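For reference, the structure discussed in these notes is given below.
Side chains are part of it too, since the values below use all heavy atoms of this structure and drop only hydrogens, waters and symmetry mates. What you are looking at is a predicted structure, and each value in this text was computed from that prediction instead of being measured.
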Amino acid sequence: MWIEGVLEHSQRELELLGLNHVGLDTVVIEFIKGLHTKLGNQSGAMKTITNYVEQLIDKKPIAAITEADFDQDGRCVRYEYIYRASDGKYYNDRAVVFKKGVSTQYIYQGERRSKQEITLPYILREEVVALDTHGPDATL
């Protein structure tokens, strides 16, 4: 069966990382088993759920942002980087993430900016822009 192969592979890889010595292998294996119990052999759905977990750990919203998510001052109560400006437009200060090598950064000045205007309902998606490590952006 497919899931046994996934579990064997996972156990072996987690042991190679030494996570069995601190009990994290069991946590991961039980998580995968639980997903399989609920979803069956739907690897795509399982990956979607694990992506949701990653976003939740980063305190990012996984459901659409709507008008109901803003306080009287225009701040989004579910994600601090989204707001309604005085002109009534909505913005995400972290809509674009710039990558240079393994580091990521948000830029708020110059031609390239992380801030973008958005429309509601809004599903959080970061656009990733790779910066050239040898070109004119090398000093960013």
Side-chain angles (χ1 to χ4, degrees):
M1 205 160 136
W2 170 78
I3 191 63
E4 279 91 16
V6 170
L7 295 172
E8 287 173 17
H9 170 77
S10 300
Q11 187 68 49
R12 182 175 48 254
E13 292 296 316
L14 294 167
E15 286 176 7
L16 288 170
L17 288 177
L19 296 180
N20 55 317
H21 298 297
V22 292
L24 286 176
D25 62 328
T26 305
V27 172
V28 173
I29 295 297
E30 291 303 315
F31 179 68
I32 294 171
K33 284 180 180 178
L35 287 175
H36 185 261
T37 298
K38 293 291 183 185
L39 301 171
N41 291 343
Q42 298 184 54
S43 63
M46 293 171 79
K47 291 175 188 178
T48 297
I49 297 300
T50 58
N51 185 20
Y52 287 163
V53 171
E54 180 180 343
Q55 292 179 33
L56 292 170
I57 289 169
D58 289 339
K59 297 187 338 183
K60 293 180 178 179
I62 58 175
I65 301 285
T66 66
E67 180 63 40
D69 295 313
F70 293 83
D71 65 18
Q72 292 178 346
D73 297 322
R75 293 181 300 245
C76 179
V77 297
R78 293 178 44 217
Y79 191 61
E80 64 185 316
Y81 302 105
I82 294 176
Y83 61 93
R84 181 181 56 240
S86 58
D87 62 4
K89 294 180 181 179
Y90 296 91
Y91 294 93
N92 179 357
D93 274 346
R94 291 197 165 182
V96 181
V97 60
F98 295 91
K99 285 194 166 273
K100 182 177 173 185
V102 294
S103 69
T104 60
Q105 52 191 299
Y106 298 94
I107 301 173
Y108 300 103
Q109 55 192 353
E111 285 183 29
R112 297 180 180 201
R113 294 177 178 261
S114 293
K115 177 181 172 179
Q116 299 288 314
E117 183 179 348
I118 61 172
T119 56
L120 301 181
Y122 177 71
I123 303 274
L124 184 68
R125 289 187 188 93
E126 286 184 334
E127 177 185 348
V128 177
V129 176
L131 298 176
D132 183 1
T133 57
H134 302 292
D137 296 321
T139 59
L140 290 179

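A heavy-atom distance below 4.5 Å is found between the side chains of His36 and Asn41. No side-chain heavy atom of Lys38 sits less than 4.5 Å from a side-chain heavy atom of Ile49. Under the 4.5 Å side-chain criterion, counting only non-hydrogen atoms from C-beta, Leu120 is not in contact with Asp69. Put simply, the side chain of Leu17 does not reach to within 4.5 Å of the side chain of Asp25, judged on heavy atoms. Side-chain contact between Arg94 and Lys60: absent, with no pair of heavy atoms (C-beta onward) separated by less than 4.5 Å. Taking the side chain as every heavy atom from C-beta outward, Val28 and Leu19 never approach each other to under 4.5 Å. At least one side-chain heavy atom of Ile32 sits under 4.5 Å from a side-chain heavy atom of Met46.
Distance check: Ile82 CD1 to Leu124 CG gives 5.5 Å after rounding to the nearest 0.5 Å. Here the OG1 atom belonging to Thr26 is positioned 7.0 Å from the CD atom belonging to Gln11, to the nearest 0.5 angstrom. To the nearest 0.5 angstrom, Tyr79 atom OH is 9.5 Å from Ile65 atom CD1. Atoms OH and CG, on Tyr83 and Asp93 in that order, are 4.5 Å from each other to the nearest 0.5 Å. Here NZ of Lys100 is found 9.5 Å from CG of Asp132. Values are rounded to the nearest 0.5 Å. Rounded to the nearest 0.5 Å, atoms NE2 (His9) and CG (Leu14) are 8.5 Å apart.
Under a hydrophobic-cluster definition in which Ile, Leu, Val, Met, Phe, Trp and Tyr are linked whenever side-chain heavy atoms come within less than 4.5 Å, directly or via other members, Ile62 and Val97 are assigned to different clusters. Both Ile29 and Ile3 are assigned to one and the same hydrophobic cluster, defined by single-linkage of ILVMFWY side chains at heavy-atom distances under 4.5 Å. When the side chains of ILVMFWY residues are joined at heavy-atom separations under 4.5 Å, either directly or via intervening members, Tyr91 and Phe70 end up in two distinct hydrophobic clusters. Using a 4.5 Å cut-off between side-chain heavy atoms of Ile, Leu, Val, Met, Phe, Trp and Tyr, with links allowed through other members, Leu16 and Leu24 fall into different hydrophobic clusters.
Looking at Ser114, its side chain does come within 3.5 Å of a backbone N or O of Ile107 through a donor-acceptor pair. Panel note: side chain Thr104, backbone Phe98; no donor-acceptor pair is recorded below 3.5 Å. Between the side chain of Asp58 and the backbone N or O of Gln55, no donor-acceptor pair lies under 3.5 Å.
Across all non-hydrogen atoms, the minimal contact from Ala95 to Tyr122 is CB-OH, 4.4 Å. When all heavy atoms of Pro61 and Arg78 are compared, the pair lying nearest together is CB-NH2, 3.2 Å. Across Trp2 and Ser43, no two heavy atoms sit closer than the pair CZ2-CB, 3.7 Å.
The aromatic rings of Tyr108 and Tyr106 sit parallel, their planes meeting at an angle under 30°, below the 60° perpendicular limit.
By the 6.0 Å contact criterion, CD on Glu117 is enclosed, its count of non-hydrogen atoms from other residues, nucleotides or ligands being greater than 12.
Residue pairs meeting the salt bridge (charged side-chain N to carboxylate O under 4.0 Å, His left out) criterion with at least one partner in residues 4-21, sequence neighbours excluded, do not occur; the list is empty.
Every residue meeting the salt bridge (Lys or Arg N to Asp or Glu O under 4.0 Å) condition with Asp73, not counting sequence neighbours, appears here in chain and number order: Arg75.
Taking Ile, Leu, Val, Met, Phe, Trp and Tyr as hydrophobic and joining them when side-chain heavy atoms fall under 4.5 Å apart, one finds Val77 isolated, its cluster having no other members.
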